There are 2 protein chains.
Amino acid sequence: MTVVLSERKKQILKAVVVNYTNTAEPVGSRTVTRVYRMGLSSATIRNEMADLEEMGYLAQPHTSAGRVPSQLGYRYYVDYLMEKDGLSMDEEQALTSSLSTEKMREIEQIIINSARVLSAATNQTSLIMGPQFKKSAFRQIRILPLDESRGLVVLITDTGFIKNKVIDMKQHLSQAELQQVVSYLNQKLYGLTIDQVTTSLINELKRDLFRRLEILEQAFILLEESLKEERQIRVFLGGTTNILNQPEFKDVDKIRRMLNLFEQEPLLFKILEDTSSENDFVIKIGDENECEDIKECALITGTYKIRDKTLGTVGVLGPTRMDYSRVISIMRLLVDHLNMSLSS
Amino acid sequence: MTVVLSERKKQILKAVVVNYTNTAEPVGSRTVTRVYRMGLSSATIRNEMADLEEMGYLAQPHTSAGRVPSQLGYRYYVDYLMEKDGLSMDEEQALTSSLSTEKMREIEQIIINSARVLSAATNQTSLIMGPQFKKSAFRQIRILPLDESRGLVVLITDTGFIKNKVIDMKQHLSQAELQQVVSYLNQKLYGLTIDQVTTSLINELKRDLFRRLEILEQAFILLEESLKEERQIRVFLGGTTNILNQPEFKDVDKIRRMLNLFEQEPLLFKILEDTSSENDFVIKIGDENECEDIKECALITGTYKIRDKTLGTVGVLGPTRMDYSRVISIMRLLVDHLNMSLSS
DNA sequence: TCTTAGCACTCGAACTTTTAGAGTGCTAAG
DNA sequence: CTTAGCACTCTAAAAGTTCGAGTGCTAAGA
């Protein structure tokens with residue numbers, strides 16, 4: 001499929017992509033000769049560019065304008081031409097230090113902060129999918145009596161989720177009775193992922209317990225509601241207003257569509273889930289994206305882990321005219337940091 | 001201070017406000033005669049409008065355009081002319097039902113949903129300040145041993161906040177010892193608001209306990225971090241993209257400033273706090289607002305309570321051209337609902 | 001065969017001019 | 001005090017103009 005390009009064509013294509021990424025203006029043949037002097041006249045460049053256009057790597061907004069990379073052009077650039085490290089030492093250090101500011105312990109805090117840093121560093125919008133509660137393994141359940149008629153159910157997973165819920169207990173339970181129920185539940189559920197705790201399993205447990213105690217109906221509500229409630233995994237956004245700085249979004253209507261999308265968590269989740277690959281970063285350019293609303297954008301995604309278990313996805317969303325090299329470098333740094341600070 | 005307006009001037013002012021609220025177009029004298037026929041010719045209306053302009057209630061975008069209410073005009077309308085109930089029975093019912101969809105128990109869920117409903121019903125941006133953790137009263141603290149070296153500290157307030165934190169316990173504590181520490185803490189702290197739990201109090205407690213047990217340093221971290229961490233109270237937003245539909249925000253630059261504001265929680269908090277009054281709704285029009293960024297907007301705020309204790313603030317933010325009557329009716333409904341569902 | 005200077009041509013962005021109509025203020029008569 | 005009538009104003013939209021960056025093509029040179 002991939003047509004072989006002459007070395008000169010590659011250089012020109014790269015020049016166009018880089019220049020367009022910086023300026024957001026169509027790139028003319030003279031600009032190419034001026035900025036990336038390669039001992040050729042503009043006329044020659046012109047001929048080459050005409051070729052590249054015919055091959056589909058460049059496009060012209062109108063007859064008498066410079067060239068702009070097409071989607072295919074970006075794809076070629078990303079696959080074969082891009083420099084691998086788009087980050088200076090200085091930037092790298094600055095970034096590292098802004099990531100490891102404090103001993104943040106809360107998982108949610110870490111992620112919110114990461115989203116912020118990522119969007120600030122890339123000048124794009126960042127999306128981070130929080131750890132998936134459903135995929136976590138059940139660790140233990142506890143019931144704390146609060147007063148006469150109420151108790152606190154606490155549910156803990158291996159990835160550090162702690163969910164709690166106040167429940168009404170219609171009848172009073174003695175400490176011993178409670179203990180009994182709790183240890184029974186722990187024994188049955190230990191090690192299962194939340195996904196695996198199906199309604200039918202819950203019902204089975206209920207039947208078992210009801211024989212002995214008719215009281216704990218409410219206790220199961222935590223389990224059941226956890227299942228429902230967390231169906232929508234949380235997606236954390238950073239720098240949603242950054243798209244306003246991109247010249248390709250100077251149209252209020254586009255802005256509206258974009259911001260609307262940002263408000264719909266399930267859609268964002270789907271976007272991130274569709275693209276994620278376990279091991280490396282994925283770049284989706286233009287209509288390589290499934291989602292209709294971001295077919296004019298590029299999306300770069302990667303995953304982060306806790307102790308080799310894939311937990312969530314990190315993404316950067318921006319116009320196709322994006323500094324791919326730089327963004328990927330930043331994301332790599334961030335993901336490494338995330339892996340580290342979540343594993344402790 | 002308030003100049004007395006003739007009945008006719010009041011009617012005309014009201015007509016201009018209502019019409020402008022609906023159309024967002026300057027209102028001409030002919031429009032007034034046509035739509036609100038009051039047996040007068042446009043020339044007469046014109047004279048009256050010229051008077052109203054001189055008095056400062058109306059303004060003209062340019063010489064040959066219709067009139068637009070000035071800030072003072074809105075103020076007069078809101079204070080003296082506005083219909084009190086801007087909501088039809090049907091709408092009221094629809095609203096009530098969308099508020100009480102499910103038996104939502106989580107306080108945060110209730111508020112998020114409220115923000116969504118409020119913004120959808122008003123077509124404006126809604127802000128709801130969550131219950132202030134700091135103002136809540138300490139109810140009880142518990143420590144759950146998780147395994148050999150770790151425990152879960154749970155802190156519960158009278159307004160239903162439950163905060164938890166996993167702590168490392170350097171030395172193993174027996175159940176009895178733990179029990180002793182916990183009941184000591186509960187006894188000392190019960191009934192204090194989180195505000196009142198100062199660092200010095202904590203230190204005093206520490207000193208007391210250290211005499212007996214040198215272990216629980218970590219347990220205090222929950223308390224201390226709770227104090228710091230929650231300094232920024234959460235503000236929940238709904239319908240941030242609604243401002244994009246307002247013609248007064250067709251300028252990308254204004255949009256940017258506005259959305260930027262929305263991303264800065266501390267500012268939002270300040271805006272809500274500045275305006276809140278315990279008992280009734282407050283309407284701030286234009287530069288009656290402290291905050292520079294919303295001097296072109298109108299902000300309506302009210303408070304909600306749990307059992308007569310003021311918990312937080314609800315706000316609606318939009319252009320000064322707003323259907324005040326309708327928005328207030330909706331907010332009244334919402335606040336009542338909120339008071340009810342939070343008190344159970 | 002590849003490169004390049006030269007030139008006519010194209011097209012959009014920015015600026016200016018024109019036009020149409022909504023709305024005003026003023027005057028004089030009812 | 002009200003109103004018909006009219007000249008006047010001002011904007012938004014349409015139409016027209018200018019300017020320059022950039023192209024494609026041709027023909028001459030390496």
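In this text the structure is predicted, and so the values were computed from the model without any measurement. Lettering follows sequence order; numbering is per chain, from 1. The basis for the numbers below is simple: all heavy atoms, side chains too, and nothing from hydrogens, waters or symmetry mates.
Annotation: the span from A/Leu118 atom CG to A/Leu237 atom CG amounts to 11.5 Å, rounded to 0.5 Å. Interatomic distance, NZ of A/Lys284 versus CZ of A/Arg75, reported as 9.0 Å (0.5 Å rounding).
Pair assignment for D/dG22: C/dC9, on the basis of Watson-Crick or G-U wobble contacts that are both within less than 3.5 Å. Under the Watson-Crick or G-U wobble criterion, with both distances below 3.5 Å, C/dG30 is paired with D/dC1.
Checking side-chain atoms of A/Asp251 against main-chain N and O of A/Asp253 turns up a donor-acceptor pair under 3.5 Å. Between the side chain of A/Ser325 and the backbone N or O of A/Met82, no donor-acceptor pair lies under 3.5 Å.
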When you check every protein heavy atom under 4.0 Å of nucleotides 12-30 of chain D, what one-letter string (B, S, -) results, 5' to 3'?
---------BSBB------
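B/Thr240 and A/Glu263 share a side-chain donor-acceptor pair at under 3.5 Å.
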